[in-house]
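For reference, the structure discussed in these notes is given below.
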Protein chains: 2
Amino acid sequence: MGLKRTTINDLAAKLKISKSTISKAIKGYPDVSEKTRKKILKLAKKLNYKPNSIASSLRTHQTKTIGVIVPSVVHDFFSKVIDGIIQEAENNNYLVIILQSGEQADLEEKQLNLLKNKQVDGILLSVSNETGVKERLNKVLEKGIPVVLFDKIIKSFDCSKVIIDDKKAAYDAVCYLIHKGYKRIAHFGGVLTAQNSIDRFLGYKQALIDNNIPYNPDLVYVNPNNDDINDGYLNAQKMLKEHTNIDAVFAITDLIAIGVYKYFNKINIKIPEDIAVFGFSNWLVSSVVTPKMSTVNQPSFEMGKKATEILIDEIKKMNNDIEFSFQKVVLPTSLIIREST
Amino acid sequence: MGLKRTTINDLAAKLKISKSTISKAIKGYPDVSEKTRKKILKLAKKLNYKPNSIASSLRTHQTKTIGVIVPSVVHDFFSKVIDGIIQEAENNNYLVIILQSGEQADLEEKQLNLLKNKQVDGILLSVSNETGVKERLNKVLEKGIPVVLFDKIIKSFDCSKVIIDDKKAAYDAVCYLIHKGYKRIAHFGGVLTAQNSIDRFLGYKQALIDNNIPYNPDLVYVNPNNDDINDGYLNAQKMLKEHTNIDAVFAITDLIAIGVYKYFNKINIKIPEDIAVFGFSNWLVSSVVTPKMSTVNQPSFEMGKKATEILIDEIKKMNNDIEFSFQKVVLPTSLIIREST
DNA sequence: TTGTAGGCGTTATCAC
DNA sequence: GTGATAACGCCTACAA
């Protein structure tokens, strides 16, 4: 079992100084004489003393840990968000526990409870697509713990949020297509229980309307799983069966767009000559497919970093009983025009 | 601040039963009468009592948490490994803290200490490419805590390991190329401080030798960063300046191979007609590029799952003072032959 | 079957 | 500037 780790009691015994003084010295409190502090720090270093974080947590009700729930980590976008989260957390001496909801609201609720039980100091959450999430959140989160929602949010849930303007990003993309001369633009969207699916759809629709192109609901295809290539593939097939004059597809994610690529490729439809394809998120794949895919650049690392920054700020404020109001940060997106449009 | 959470003392007070009996009842110990247990459980449920995990950790020296260090989470392979880790951990009631070393040994050491300090019950580690890692590991890990190495291991470090047979996988891939008729096969490898770079290189070399193709060190290009498309691009350029008769490239990762694709594409070299390209890892990208890339399938989710399974097993054994010996699990790989070879 | 008591290692309050 | 003491909430010998 190795040697037992040094505790504050060991130091106290060896130095014949009380625990309280030692604790203060270690934590850099001012009311310790320089001489005693030096002595204490010296022995602490020698004995490799590290305060036991668990005992400290028990006492202070702080764990220096934050919890993160995302639908999935095997995901170009979320993995980058997590990268940002971990780095920002580490810079502030927080550790990060990660959980995956798999887009299942009940799992999400369970995991929220796990985190609460673990007494994380705060929670970062990108919500699942299922309905009833708000009620579940309310049920679990009784204002004792800061929560920041990012990317996939519940508009009506009262907390800080870090998002992009999905509607505007979609609007911009579709406007671009229209200005390029495309007129029969299909939308491969997501299920409309998710806010970002809704917003991207709304942006698509608005762009058509603002450019005097009639909105046709038949041109909207729902992809049950935003990140499933196969959904895009299947809908491409369906679409071509139902329509002959489509000239562009605006997809809700790059992976759906890749599915479209696959089917078009199979039946020899040329992108963008026959039909253009616009993706969303700028996954690595979008830059290596042929033709290179036009897409929306969605800040990911920054989103994770910003959400964590806000969360930690709120944690600190809450600890010190400082009032704060919830923030809503909208990160900028941009169009990346490549060869598919 | 909301209502304070229920503690064992609250239950004790309300029921006029001692804390110990309550504790036993909650934990399902046998020496509690059915009647008392029922009563306790009922109130516990009503008051939504959940044992305070921190207090419990302080007492039992168990945190039900495991730490994971990988070079990066923005990584198709590692993200899948992490998926496997999180799922297996969750199934066993463990939570997972994730850290990224960024291939920096000093950061890695710091993070190991963070985890130790956090008193995680065990550590899952995929080691950075830098040298001196073993010494650092030895320094930090004094046998008090189980560690399982996966994928990127230190051969000589004494602990359980979950890996693939990199040498064999590389050997198989290169043999395949040779049997397909390719003769001037270059290797785009990694830095030789990393065990898997070494092994993949060794497999490449062995395959040549066993097939009576002279090994030529000039055909081996080192890519400082295994996962940098640009490295592959640059080396492809360099290679074609130095050699005119290469007919195949065996790359250490799919991303390096993608870099090769990019350069070949730029100067109009046809894959596989002019030069074949073989990747490694079966990242998502490899299946969507044109032409679809032949690669080595490397179990990822399974690797995470298996490593976690072993780790948790060792944690349990250690807790119960049961002897155990370290395992070395080699997961099977397979060739995925697509259009690039 | 139930209860008592001590301790896990800190930190905070208050007295000196 | 320093120290005694209690408390955070739980677990577990051991006693009753």
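In the text below, chain A, chain B and the rest are named by the order of the sequence lines, each starting its count at 1.
- Under the 3.5 Å distance criterion, with hydrogens and angles disregarded, no donor-acceptor pair is assigned to the side chains of A/Lys64 and A/Ser56.
- Across all strands shown, B/Asn52 has heavy atoms under 4.0 Å from sugar-phosphate atoms exclusively, and none from any base.
- For A/Lys16 against D/dG3, no side-chain N or O and base N or O form a donor-acceptor pair under 3.5 Å.
- Between B/Ile40 atom CD1 and C/dT2 atom P there is a gap of 8 Å when expressed in whole angstrom units.
- Checked by atom type, the side-chain pair A/Gln100/B/Glu90 shows no donor-acceptor distance below 3.5 Å.
- Remark: the B/Ser20 side chain and the C/dA5 base include no donor-acceptor N/O pair separated by less than 3.5 Å.
- Each of A/Leu58 and B/Thr36 lies near DNA chain C, and the nucleotide nearest B/Thr36 is the one positioned closer to the 5' end.
- Rounded to an integer number of Å, the gap from CD of A/Gln62 to P of C/dG9 is 21 Å.
- When the side-chain nitrogen and oxygen atoms of B/Tyr29 are compared with OP1 and OP2 of D/dT12, one or more of them lie within a distance under 4.0 Å.
- Following rounding to the nearest Å, B/Lys50 (NZ) and D/dG9 (P) show an atom-to-atom distance of 16 Å.
- Taken to the nearest 0.5 Å, the OG atom of B/Ser101 stands 8.0 Å off from the NZ atom of B/Lys152.
- Interface remark: the A/Ser56 side chain does not form any donor-acceptor pair with the C/dG9 base, using a distance-only criterion of under 3.5 Å.
- Residue A/Lys35 places no side-chain atom within donor-acceptor reach of the base of D/dG1, judged by atom type and a 3.5 Å distance cut-off alone.
- A search for side-chain contact (heavy atoms from CB on, under 4.5 Å) contacts involving B/Val147 returns B/Ile123, B/Leu141, B/Leu149, not counting sequence neighbours.
- Under 3.5 Å, the side chain of B/Lys24 and the base of D/dT12 form no donor-acceptor pair of N or O atoms.
- The A/Pro51 side chain lies nearest to C/dT10 when the options are D/dT2, D/dC10, C/dT10.
- Residues B/Gln87 and B/Asp83 bring a donor and an acceptor atom of their side chains to less than 3.5 Å of each other.
- Between the C1' atom of D/dG9 and the NZ atom of B/Lys27 lies a distance of 13 Å, rounded to the nearest Å.
- Set against D/dT2, C/dG3, C/dG9, the side chain of B/Thr21 has C/dG3 as its closest nucleotide.
- In this structure, the CG atom of A/Asp10 is 13 Å from the C1' atom of C/dT10, given to the nearest Å.
- In this structure, CD1 of B/Ile8 is placed 18 Å from P of D/dA7, rounded to the nearest angstrom.
- Using a 4.0 Å heavy-atom distance criterion, A/Thr7 is classed as a sugar-phosphate-only contact.
- In this structure, A/Ile17 reaches the sugar-phosphate backbone alone: every heavy-atom distance under 4.0 Å involves primed, P, OP1 or OP2 atoms, never a base.
- Between A/Val32 and A/Thr60, the residue whose closest nucleotide on DNA chain D is further toward the 5' end is A/Val32.
- The distance from atom CD1 of B/Ile54 to atom C1' of C/dT10 is 12 Å, rounded to the nearest whole Å.
- A/Glu314 and A/Ser160 share a side-chain donor-acceptor pair at under 3.5 Å.
- Rounded to an integer number of Å, the gap from NE2 of A/His61 to C1' of C/dA12 is 12 Å.
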